[in-house]
Every structure is written in structure tokens, then in C-alpha cells.
Amino acid sequence: MTRQRKRHLSIPKIPGQIYLWLAILIFGASSAVTRKLTQIGAQHFIDGRNPISLCNVLFVGNLCALIVLLLIYGRQCNKATLQQLSKKDWYLLTTVAILSGAIIPGLVFQALAITRVNNIILIGRLEPPLTMALSVWLLRERVNRWDVMGALAAFVGVTLTILLQPPGAAMMNMGGVGVGIGELLVTFAALISVVSTIIVKGWLAHIPLGIFSIFRTALGTVVFFFLALILYGRDHFKDVLSPFLWQWMLVYGGVIVVLGQSFWLKGLRASTVSEASLAGSFTPIVGILAAYLVLGEAPTVAQYIGGSLVLVGIFLSQIGIRLQSNRKNTSKKVNSLPAEQEVETGMGFKGI
């Protein structure tokens, strides 16, 4: 055995959970970092325009993500594999790509401009319980009582976070209750995300992950670009090639998109579903801490109340996952689209 091989064998293998937790730290901080980048851009206007606008960040960030996905999964997009997909597969893939690749991030990024990051993080937790409810109803999936109690606690927590908001500039009056427009946008995004997830779980589980991710990101980016042109005008992306924008986007794309996605995928490949779900459940906690450290955004009373119930819901759900894993004595790795999609859904707006 050569000296080089001995040195290679002496390097300890990094556990899959380490990659998962690194990814969660990155994804949890992504919303706060995005808001901070727009604030930096606002201090360096170009002809009265913010070069690091949310639309520019989303568009360029998607391009970075597409490059990474092509490097990782490009070989899957061969002619033989693509020809195996039916017309129904392409129709549903297109629907999911438009919903999850353009509409959802567009709504969330618009909400980032007018509401607190903590609200976006907590309201994003609407997605897991609603997905569970529809999975039971439409897909006839089985859930245990711990999952149900956890989902109910999280749902009540998110509802209180929305309804107990203090008066603000962007508020609507609904039955005597003040509801922020940003909170409504995130709620719509969560509902659309549930629909997208159900389509994937019910009818697209057989699609290779690489083809699914590349097609969703590519089509979503194109659709978002044209929607932004229609809604905001052709000058909206005027600064998309600005060196100032790209110097920050190289950091944003390199850390959040490249490292975040790479760590997450590598961690999933070497972890069980319960391990990945446990790591993903800490995303809102990391997000709230990041909002405080990066933006100085301290939680409000509504966020404390709602967030506490969300954490109770996460805790109860984890009990259910652990009990189920122990009963089945599962040691399967997360290497299929359904499992990855399930874990990502549990996180709520992963990577946004």
C-alpha cells in the first residue's frame, strides 16, 4: 500500500448528518441574507435603481442553481431517459415547474420586501401540516397520532402568528382582524407549494431527481423572467449584468446555492429519513436566529406565541417519526425522489 493511499485511508469520513446540519445553517439563514443583500444594494443605487433587487437576486440565483444542477445531474438528461416520459409526465412537470420554480419564489420574495423575515419563516410551516392532510385525503397515506397532533399544533401556531400581528403599513382588515399583505402572500405560497408537492408525490415520484430539478429550475427561471417583465416592465432587469450585483451574487450563489444544495444532497444520500427530518425541523429556529443576528430583527409577541406552538408541533412530529422508525427498524438511506421531497416539504420553503 502506497504512502498516498495510507494517507487517504487515515482521513476520517464525514458523517452524513454533518452535511445536513451545515445545509440547514445555510438554508435557515438564506432569507435574512437575501434581505441584507437588498439593503446593501439600496445603499448603492445605480441611476435611482437598486442593483440587488429581489428580482435580480432570484433570477441570478436561479441561474447559479441551474449551473450547479447541470454539473451534478447533467448526465441524466439523455435522449433515452427523456423519451421514456409520457405526455402526462411532461404536462405535470411543466405545471410543477411553473408553480414551484416561478410562482412560489416570486410570492415569497415579494413578501420579503414588505414583511418581517420571522413571519415568512413561521408561516412557511403551514406547508407540512397541509401537505400531510392532503396526502391522507388524496393519496391515502397513513399517519400516526403524533403526526396529527404535531400538525395541529403547528397549524394553530402559524394561524396565531398571522392573526396577532401588530398594526403595520401593509395591512388588510379581514373581519376586524389586521392581516399583513406580506403574510397573505406567504400563505398563498404555502398553499401553492402544497399542491405542487401533492402532484410530485402522487404522479411524479418515478421521475429521476436530476431531470426533475433541472427542468423545474430552468423553466421556472424563464417563466419568472417573463412574468417580471410583464408586471414590472423591461427596465426591471436593467442592472442584471451589473458588476456590483454579480460580485455579491457570486457569494450568494456560491454559499447558499452551491454549498447549500451540495451539502443537502450529500447529507441525504448518507442519512436516514428520520435524521434528515430532524435536521430539517430546525430550519425555522436557525432562520429566526439569523434574522436577529443579521438584521437585528427581534421576534414580536405574536411570533413568540406562534413560534412556540410551531416548535411544539415539530417536537411531536419528531416523536412520531422516531416511533415509526423504531417499529419498522428502518435503515434505508434517503436516495429517492419521494423521500427527498418529503423531507424538503417538512422544512418549508427550503433554500428561500
Side-chain angles (χ1 to χ4, degrees), residues 84-101 103-104 123-156 158-159 187-213 215-216 219-220 264 268 271-281 283 310 313-314 316-351:
Q84 294 177 3
L85 303 183
S86 65
K87 290 183 179 180
K88 180 181 178 181
D89 291 335
W90 284 113
Y91 173 76
L92 292 175
L93 268 175
T94 300
T95 302
V96 170
I98 294 174
L99 292 178
S100 63
I103 306 299
I104 294 172
I123 296 172
R125 299 302 303 180
L126 266 179
E127 183 186 350
L130 291 179
T131 300
M132 185 192 73
L134 283 183
S135 296
V136 173
W137 179 34
L138 297 176
L139 306 179
R140 299 294 187 266
E141 290 189 359
R142 284 188 171 186
V143 295
N144 57 51
R145 60 181 179 178
W146 293 102
D147 290 330
V148 174
M149 290 189 296
L152 288 175
F155 184 83
V156 173
V158 172
T159 302
T187 302
F188 290 148
L191 294 175
I192 296 172
S193 182
V194 170
V195 173
S196 176
T197 300
I198 292 298
I199 293 175
V200 172
K201 294 177 69 174
W203 297 278
L204 295 178
H206 62 284
I207 304 295
L209 179 61
I211 294 177
F212 175 84
S213 301
F215 184 80
R216 178 182 61 177
L219 182 59
W264 180 249
L268 284 175
S271 304
T272 63
V273 173
S274 60
E275 290 170 344
S277 178
L278 176 62
S281 67
T283 305
V310 168
I314 292 172
L316 294 175
S317 297
Q318 288 302 318
I319 293 177
I321 292 172
R322 289 293 179 181
L323 291 177
Q324 187 176 13
S325 297
N326 291 336
R327 283 197 301 267
K328 295 182 178 181
N329 194 23
T330 55
S331 59
K332 295 180 180 180
K333 302 302 179 182
V334 183
N335 55 11
S336 62
L337 177 59
E340 289 185 357
Q341 185 68 31
E342 182 179 349
V343 173
E344 292 183 9
T345 299
M347 293 172 61
F349 300 131
K350 181 179 73 67

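Hydrogens, waters and symmetry mates are skipped; everything else that's a heavy atom, side chains included, is used. Here the structure is a predicted model, which is why all the values come from computation and not from measurement. Quick note: residue numbers are just sequence positions, from 1.
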Can you tell me how far the [atom1] atom of [X] sits from the [atom2] atom of [Y], to the nearest 0.5 Å?
{"X": "Leu92", "Y": "Ser86", "atom1": "CG", "atom2": "OG", "result": "8.0 Å"}
{"X": "Leu204", "Y": "Leu93", "atom1": "CG", "atom2": "CG", "result": "5.0 Å"}
{"X": "Ile103", "Y": "Ile98", "atom1": "CD1", "atom2": "CD1", "result": "7.5 Å"}
{"X": "Gln84", "Y": "Ile207", "atom1": "CD", "atom2": "CD1", "result": "9.5 Å"}
{"X": "Asp147", "Y": "Met132", "atom1": "CG", "atom2": "CE", "result": "6.0 Å"}
{"X": "Thr94", "Y": "Leu99", "atom1": "OG1", "atom2": "CG", "result": "10.5 Å"}

Shortest non-hydrogen separation from [X] to [Y] and the atoms involved:
{"X": "Pro128", "Y": "Gly124", "value": "CD-O, 3.8 Å"}
{"X": "Val136", "Y": "Glu141", "value": "CG2-O, 3.5 Å"}
{"X": "Lys201", "Y": "Ser135", "value": "NZ-OG, 3.3 Å"}
{"X": "Ala97", "Y": "Arg216", "value": "CB-CA, 3.6 Å"}
{"X": "Val96", "Y": "Ser196", "value": "CG1-OG, 3.3 Å"}

Step-by-step side chain to side chain contact (heavy atoms under 4.5 Å, CB included) determination, Trp203 to Ile198: CA-CA 8 Å; Trp203 297 278; Ile198 292 298; 4.2 Å; yes

Test ring pair (Phe, Tyr, Trp, His ring centres under 6.0 Å) applied to Phe155 - qualifying residues, sequence neighbours left out: none

Side-chain donor/acceptor of Ser317 to backbone N/O of Gly313, under 3.5 Å: yes

Any donor-acceptor N/O pair, Ser193 side chain to Ala189 backbone, under 3.5 Å: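 The answer is no, because no donor-acceptor pair under 3.5 Å joins these two groups.
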
Trace of the side chain to side chain contact (heavy atoms under 4.5 Å, CB included) decision for Met149 with Trp146: CA-CA 5 Å; Met149 290 189 296; Trp146 293 102; 3.5 Å; yes

Under the side chain to side chain donor-acceptor pair (under 3.5 Å) test, residues paired with Thr187 that sit two or more places apart: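 Thr187 satisfies side chain to side chain donor-acceptor pair (under 3.5 Å) with no other residue.
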
Stepwise side chain to side chain contact (heavy atoms under 4.5 Å, CB included) check, His206 with Asp89: CA-CA 10 Å; His206 62 284; Asp89 291 335; 3.2 Å; yes

